[in-house]
Amino acid sequence: MPPVASAALGIAMIAAFLLAGVGIAQTRNADRTVKQRGWLMVSMAVILVANVAIWTL
């Protein structure tokens with residue numbers, strides 16, 4: 001795998017962990033719109049991890 005592709009996958013995984021962390025923190029909020037945004041962030045993190053898994057196969 002070329003070095004640029006490896007770097008892109010690494011950056012994608014870092015972004016997924018950050019999205020999941022911030023999303024979980026926002027789901028604990030009482031405000032409905034913030035909670036919904038948190039769930040969207042968590043779902044995006046799951047999708048990003050799945051994409052990285054596909055790319056590495």
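Residue I14 is found in a hydrophobic cluster whose other members, listed by chain and number, are L18; membership requires side-chain heavy atoms under 4.5 Å apart, directly or through intermediates. Side-chain contacts under 4.5 Å among hydrophobic residues (ILVMFWY), followed directly or transitively, place V52 together with M1, L9, M13, F17, V49, W55.
Listed here is the closest heavy atom pair of A20 and V42: O-CG2, 4.2 Å.
Tracing side-chain contacts under 4.5 Å through hydrophobic residues (I, L, V, M, F, W, Y), one reaches L19 starting from V22; they form part of the same cluster.
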Can you give each donor-acceptor pair under 3.5 Å made by side-chain atoms of residues 29-39, sequence neighbours left out, with the distance rounded to 0.1 Å?
unit_1: N29; atom_1: OD1; unit_2: D31; atom_2: N; d: 3.2
unit_1: D31; atom_1: OD2; unit_2: T33; atom_2: OG1; d: 3.1

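For the atom pair CG (L48) and OG (S43), the distance works out to 11.0 Å, reported to the nearest 0.5 Å.
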